[in-house]
Structure formats: C-alpha cells, structure tokens
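These numbers come from a predicted model, not from an experiment. Residue numbers run from 1 in the order of the sequence given.
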Amino acid sequence: MSQITEIRWHSRGGQGAMLAVRTLARAAINHGKYAQGMPEFGPERSGAPIRAYNRIADQKFSLYCAVVNPNVVIVLDPTLIETVNVADGLTKDGVVIVNTNQPAASVREKLKLANGQVYTLDATGISVALIGKPMPNTPILGALVKITGLLSLNELLDDIKQAFGEKFSPQVVEANLNAIKKGYEEVK
C-alpha cells in the first residue's frame with residue numbers, strides 16, 4: 001500500500017481554505033500524483049470555523065472520509081487554537097503549520113504538543129502586503145510545499161500560473177505567485 005499524506009485544514013469561512021484544498025489537489029494530480037481535496041460542511045457561514053482535507057499519494061488509494069490522523073495540520077486562523085483542538089489525532093511525527101507572527105515555540109506551548117514539528121508564518125501579513133487582502137491560504141501553500149516536499153515550488157507555481165491565468169489578470173496572478181514564493185522563503 002502506498003504512503004498517503006493526509007492534511008487537515010482549520011480555518012474560518014472566507015479565509016480560502018477550500019480554494020487552497022482544491023488548488024493543492026489539482027496541482028498534485030497535474031504532476032502525476034493521486035489526490036483528494038474535500039470540505040467538511042455544516043451550516044457554516046463566513047467567519048465560522050471549518051475543516052477541509054487533502055490526501056496525496058504516489059499510488060491510487062480508496063479513502064473517502066474525514067482525515068482523523070493527519071500528517072499535516074494547517075491553521076489559517078490562529079484564534080482557533082484557543083477553541084478547537086487542532087492537533088487532535090496528529091501523527092507522532094506530524095507537522096503543524098500556523099498562520100501567525102508568533103514564534104513556533106510559543107505556538108507549540110499553546111498546542112501542548114509533545115511530538116511533531118511546529119512551523120509558523122505570517123501568511124496574513126504576506127498576503128495583505130503582496131495581494132492587497134487577507135488571504136493566508138496563498139502563502140501557506142508555499143510553506144506547505146517547502147516543509148513537506150509533496151510538490152516542488154516550481155510545480156506549484158506552474159500550476160497556479162496556468163489555473164489562475166485563465167481567470168485573473170496578469171497582475172493578480174503575479175501577486176499570488178509572489179505570495180507563494182514569500183511563504184516558501186519565510187516559514188519558520
């Protein structure tokens with residue numbers, strides 16, 4: 001059986017988690033991998049806590065359920081750490097990536113995490129500076145590929161350029177590419 005990387009996203013409605021999940025799955029598939037990207041919806045509205053999931057592998061797999069033992073947890077809204085056990089079920093060698101300007105050691109303490117690795121990135125700050133609005137999902141994708149190696153930075157950028165180029169102006173595409181690069185460079 002192939003090794004499947006399972007990712008659980010914690011976000012609030014409107015922060016772009018669903019777009020990131022679909023973007024990551026599409027990029028993985030376009031570069032020869034098998035992938036899923038799915039939401040966990042309820043009666044949520046903009047601002048409500050949500051979860052979304054990715055699975056990525058080099059071989060076919062048949063899992064169609066929520067991710068309960070993630071290898072990677074991504075937290076787009078750091079206030080969720082106070083109200084949701086975002087690290088619940090994290091594998092022993094798992095990774096948590098949090099959108100915050102706080103140091104990773106401080107976030108590790110808040111999570112009460114004994115195992116695994118914690119990375120932080122001011123993804124909101126990057127997106128406001130480069131895209132002009134708070135879309136932390138974009139820089140987080142850069143951090144994710146750097147930390148996990150699921151895709152190369154160039155594979156992700158090429159896919160974004162193609163997919164976004166069909167819908168957005170060259171300036172919007174370039175701003176998103178730069179935000180991904182900055183997230184890749186600045187994750188700690």
Side-chain angles (χ1 to χ4, degrees), residues 2 4-42 44-48 50-64 66-67 70-77 97 99 119 121-187:
S2 70
I4 301 171
T5 299
E6 295 188 312
I7 304 167
R8 186 173 65 217
W9 296 72
H10 291 271
S11 169
R12 291 193 185 275
Q15 290 184 311
M18 284 311 309
L19 178 59
V21 163
R22 288 192 307 266
T23 299
L24 182 60
R26 183 194 61 242
I29 290 167
N30 287 341
H31 288 90
K33 297 185 183 287
Y34 295 87
Q36 293 175 339
M38 58 192 153
E40 180 178 283
F41 282 124
E44 288 86 5
R45 65 193 188 303
S46 184
I50 65 163
R51 291 184 189 197
Y53 311 101
N54 281 111
R55 285 191 178 90
I56 300 174
D58 291 326
Q59 297 177 0
K60 288 183 182 181
F61 59 89
S62 298
L63 283 171
Y64 303 98
V67 170
N71 307 95
V72 180
V73 169
I74 297 173
V75 183
L76 292 182
D77 186 328
I97 306 170
N99 168 30
Y119 294 88
L121 174 70
D122 184 7
T124 298
I126 291 169
S127 66
V128 168
L130 297 176
I131 300 172
K133 55 185 170 180
M135 294 302 297
N137 60 336
T138 306
I140 286 284
L141 284 170
L144 176 66
V145 299
K146 180 177 185 176
I147 293 163
T148 64
L150 288 169
L151 294 168
S152 73
L153 177 61
N154 287 334
E155 287 172 333
L156 178 61
L157 293 173
D158 289 345
D159 194 77
I160 297 283
K161 192 180 302 183
Q162 180 180 344
F164 281 32
E166 297 169 359
K167 300 175 187 173
F168 301 107
S169 72
Q171 295 83 2
V172 169
V173 173
E174 193 63 29
N176 279 273
L177 295 175
N178 288 336
I180 290 169
K181 290 177 198 172
K182 193 82 159 168
Y184 186 93
E185 294 164 4
E186 291 193 5
V187 66

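Within a 6.0 Å radius of NZ in Lys146, other residues, nucleotides and ligands contribute more than 12 heavy atoms.
A donor and an acceptor atom, one from each side chain of Asn54 and Trp9, are located under 3.5 Å apart. Side-chain contact annotation: Asp77 with Ser11, donor-acceptor N/O pair under 3.5 Å absent. No side-chain donor from either of Gln59 and Tyr34 sits under 3.5 Å from a side-chain acceptor of the other.
In this structure the side chain of Leu157 reaches within 4.5 angstrom of the side chain of Lys181, judged on heavy atoms. Leu141 has its side chain out of reach of Val145: every pair of non-hydrogen atoms, C-beta onward, lies at least 4.5 Å apart. Counting heavy atoms from C-beta on, the side chains of Ile97 and Val75 never come closer than 4.5 Å. Using a 4.5 Å heavy-atom cutoff, the side chains of Asp159 and Arg26 are in contact. Using a 4.5 Å cut-off on side-chain heavy atoms (C-beta onward), Asp58 and Lys33 make contact.
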(message) Would Arg8 and Arg51 count as a side chain to side chain contact (heavy atoms under 4.5 Å, CB included) here? Give the steps.
(response) CA-CA 7 Å; Arg8 186 173 65 217; Arg51 291 184 189 197; 4.0 Å; yes

(message) Checking Leu177 against Ile160 for the side chain to side chain contact (heavy atoms under 4.5 Å, CB included) test, could you report, in this order, the C-alpha distance in whole Å, the side-chain angles of both residues, the deciding distance, and whether it holds?
(response) CA-CA 7 Å; Leu177 295 175; Ile160 297 283; 3.7 Å; yes

(request) Tell me, with the steps shown, if Glu6 and Tyr53 meet side chain to side chain donor-acceptor pair (under 3.5 Å). (result) CA-CA 7 Å; Glu6 295 188 312; Tyr53 311 101; over 6 Å; no

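The distance from atom NE2 of His31 to atom CG of Asp158, rounded to the nearest 0.5 Å, is 5.5 Å. Rounded to the nearest 0.5 angstrom, Leu150 CG and Leu156 CG are separated by 10.5 Å. With rounding to the nearest 0.5 Å, the separation of CD1 in Ile56 from CD1 in Ile7 is 4.5 Å. For the atom pair Leu144 CG and Tyr184 OH, the distance stands at 11.5 Å (nearest 0.5 Å). With rounding to the nearest 0.5 Å, the separation of CG in Leu24 from CZ in Arg55 is 13.5 Å. From Ile140, atom CD1 reaches atom CE of Met135 across 12.0 Å, with rounding to the nearest 0.5 Å.
In this structure a side-chain-to-backbone donor-acceptor pair under 3.5 Å is missing from Thr124 to Pro134.
Of all heavy-atom pairs between Met38 and Val21, the closest is N-CG1, 3.4 Å. Contact detail for Asn99 and Pro136: the closest heavy-atom pair is ND2-CB, 3.4 Å. Here the shortest heavy-atom pairing between Leu76 and Gly16 reads CD1-C, 4.5 Å. Of all heavy-atom pairs spanning Met18 and Ala52, the tightest one is SD-CB, 3.8 Å. The shortest heavy-atom contact between Ala35 and Ala25 is CB-O, 3.7 Å. Scanning all heavy atoms of the two residues, the minimum distance from Thr138 to Ala179 falls at CG2-CB, 3.9 Å.
Partner of Ile126 under the side chain to side chain contact (heavy atoms under 4.5 Å, CB included) criterion, chosen from Leu121, Asn178, Ile180, Ile131: Leu121.
Among residue pairs with one or both ends in residues 161-170, those qualifying as side-chain hydrogen bond (donor to acceptor under 3.5 Å, both in side chains) are Ser169-Gln171; sequence neighbours excluded.
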